[in-house]
Amino acid sequence: MRIGITCYPTYGGSGVVATELGVALADRGHTVHFIAYAMPFRLGVYHDNVYFHEVPVIDYPVFQHRPATISLAAKMAEVAVRERLDLLHVHYAVPYSICARLAQEMLSGKIRTVTTLHGTDITLVGADPSLREITRFAIAGSDAVTAVSQYLRQRTLAEFNLDIPIEVIPNFVDTSKLKPAQKANQARRKHFAQPGEKIVMHISNFRSIKRCSDVVKVFARVRQELPTKLLLIGSGPELSLVKSEADRMGVMDATWILGQQEAIEDLLPLADVLLLTSELESFSLVTLEAMSCAVPTVTTNVGGLSEVVAAGQSGFLDEVGDIESMSKHVLEILENEELAAKMGQAGRARAQQLFEQSLIVPKYLKLYERLLSG
Ligand code: GMT
């Protein structure tokens, strides 16, 4: 098959999933054309059967905003014709499902479209009154729609009052790449923590929905009981707030701020626990990645997280903002090596059994085949 994929090229779960899917499809002999504003960050090195088409966006003094969306739709149509694409698969409904719809119109319907819903494209951005109707129109008009969790499927149908088939295809992980700590990781660990010290890790795009100051509050409590370091990975608008919170709570000297990191597989296995305090997560790819590395997780019990984490077995799920309970659970894991190992193993087994890349990619392929066979 010849497949066009569009995703946000910047850091974030939807871009990671789209990129890993494209590479996995190419490994299976399909031709994949990424059409995006920039090279997706995980694409990195050269892959056979993978092509990248950058979308040029015109600037002109009359424009208050550059017409990026229509440039993308035009590029999709152009690449579809030139490369004889069979389908366009867009990740994140806003604005990409709308662009795909436009490109399909330009091609007189001679291409199939697939939209994968990821999270805030439905719960925040798409549901905004300014975008609700056009998002609904594009989702309803997509030839196939997938959602990364049951939660997101239900929420989409309810939010947009839709009665369409939405297939749940969960996010996936390559468990041979994201694996438990090796000796090399252990050597690196010494850089961040003294022998006997534990590591709490948080990875996100530091937006308000992640409630990152809760991470600092939990960490400050944990640190009162146990020598621990906090590793923060990622970047975003709330990072400066997190820094001042860490300063205010006197834990800045125990906090490492690593910024954006591409080789997450080198750092994630160093964690003794992954802490995620989000107000909402439709899935949380980073939680799955931690499970794959046999790292126990303490997260909030929101959205699709209960579909990812086996509560009490691979991690703990707490109420949003319940600093007390999250601190207690982090400490429970850090103070009990047997429990930590058991939870880590349970998480890795769950990742392998339910979310392994080789199990999930064929689900997308089946969907494509079904669409193309009419
Ligand atoms: O929705 C967003 O704001 C960002 C998006 C992303 O691109 O990373 O995150 C969403 O999609 C991820 C990949 O499917 C999920 O793992 C995240 O849980 C989801 N974020 C939210 O629901 C807040």
Side-chain angles (χ1 to χ4, degrees), residues 5-22 36-38 40-42 89-97 114-128 131 135 139 145-156 159 166-174 178 202-212 214-215 233-238 260-262 264 268 274-292 297 299-309 315 317 320 351 354-355 357 360-361 363-364:
I5 294 185
T6 293
C7 63
Y8 280 98
T10 46
Y11 295 85
S14 61
V16 171
V17 169
T19 308
E20 304 278 354
L21 173 64
Y37 299 118
F41 82 97
R42 280 243 181 133
H89 185 172
V90 299
H91 290 259
Y92 208 83
V94 183
Y96 297 151
S97 58
V114 180
T115 299
T116 291
L117 311 172
H118 279 275
T120 45
D121 45 352
I122 297 304
T123 57
L124 280 178
V125 192
D128 186 88
L131 292 173
T135 304
I139 292 174
V145 182
T146 76
V148 297
S149 61
Q150 289 291 350
Y151 164 81
L152 191 59
R153 175 181 178 275
Q154 297 297 351
R155 176 85 189 253
T156 305
E159 189 79 58
I166 297 181
E167 184 175 347
V168 174
I169 303 186
N171 287 332
F172 57 84
V173 67
D174 179 351
L178 281 131
H202 172 78
I203 305 179
S204 77
N205 48 18
F206 290 84
R207 283 173 304 145
S208 62
I209 201 165
K210 306 285 175 179
R211 293 180 62 106
C212 299
D214 283 1
V215 171
I233 298 179
S235 184
E238 302 274 299
Q260 302 284 22
Q261 294 293 330
E262 293 193 10
I264 206 70
L268 198 35
L274 177 90
L275 176 61
L276 195 80
T277 51
S278 305
E279 201 172 290
L280 187 59
E281 288 292 341
S282 65
F283 186 94
S284 181
L285 185 63
V286 75
T287 299
L288 175 59
E289 291 177 328
M291 285 161 56
S292 183
T297 57
T299 68
T300 42
N301 189 9
V302 288
L305 267 162
S306 59
E307 297 169 48
V308 181
V309 178
L317 293 168
V320 176
L354 298 180
F355 304 107
Q357 175 174 299
I360 307 298
V361 171
K363 291 183 193 282
Y364 281 111

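Predicted model only: the values in this text are computed from it and were never measured. Worth knowing before you read on, the calculation uses all heavy atoms, side chains too, and leaves out hydrogens, waters and symmetry mates. Counting starts at 1 for both ligands and their atoms, following the listed order. Along the sequence shown, the residues carry numbers beginning at 1.
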Counting only nitrogen or oxygen atoms and a 3.5 angstrom limit, does [X] reach ligand 1?
| X | value |
| --- | --- |
| G13 | yes |
| D121 | no |
| F283 | yes |

Should one rank [options] by closest heavy-atom distance to [atom], which comes out on top?
| atom | options | result |
| --- | --- | --- |
| atom 4 (C) of ligand 1 | E281, H118, E289, R207 | R207 |
| atom 2 (C) of ligand 1 | L280, T116, T120, V308 | T120 |
| atom 15 (C) of ligand 1 | S149, G119, S284 | S284 |

Do [X] side-chain atoms and [Y] backbone N/O form a donor-acceptor pair below 3.5 Å?
| X | Y | value |
| --- | --- | --- |
| S282 | G304 | no |
| T297 | L274 | no |
| T123 | G119 | yes |
| D128 | V125 | no |

Query raised in the report: Can you tell which part of Y92 has a heavy atom less than 4.0 Å from ligand 1: side chain, backbone, both or neither?
Result: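 It is the side chain that gets close, since no backbone atom is under 4.0 Å.
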Query raised in the report: Looking at L285, which atoms of ligand 1 are within less than 4.0 Å of one of its heavy atoms?
Result: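 Those atoms are 16 (O).
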Report task. Could you label the plane-to-plane angle of the Y364 and H89 rings as parallel, tilted or perpendicular, counting under 30° as parallel and over 60° as perpendicular? Result ->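 Y364 vs H89 ring planes: tilted.
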**Report entry** Distance flag for atom 20 (N) of ligand 1, protein heavy atom under 4.0 Å
**Finding:**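 Protein heavy atoms within 4.0 Å of atom 20 (N) of ligand 1 - there is at least one.
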Query raised in the report: How far is atom 7 (O) of ligand 1 from its nearest protein heavy atom, and which residue and atom is that?
Result: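 I find the closest protein heavy atom is S14 OG, 2.5 Å.
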Query raised in the report: Who's the nearest protein heavy-atom neighbour of atom 22 (O) of ligand 1, and how far?
Result: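 Result: S282 N, 2.8 Å.
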Query - Worked verdict on E281 versus K210 for salt bridge (charged side-chain N to carboxylate O under 4.0 Å, His left out) - result: CA-CA 9 Å; E281 288 292 341; K210 306 285 175 179; 2.6 Å; yes
Query raised in the report: Under 4.0 angstrom from ligand 1, any heavy atom of N171?
Result: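 Judged by the 4.0 Å heavy-atom criterion, N171 does count as contacting ligand 1.
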Requested in this report: Going by the side chain to side chain contact (heavy atoms under 4.5 Å, CB included) test, name the single residue among V361, V148, V17, I360 that passes it with I169.
Outcome: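 In the set V361, V148, V17, I360, the residue that makes a side chain to side chain contact (heavy atoms under 4.5 Å, CB included) with I169 is I360.
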Query - Electrostatic pair R42-E20, nearest N-O below 4.0 angstrom - result: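 Here R42 pairs with E20 in a salt bridge, since their nearest N and O are under 4.0 Å apart.
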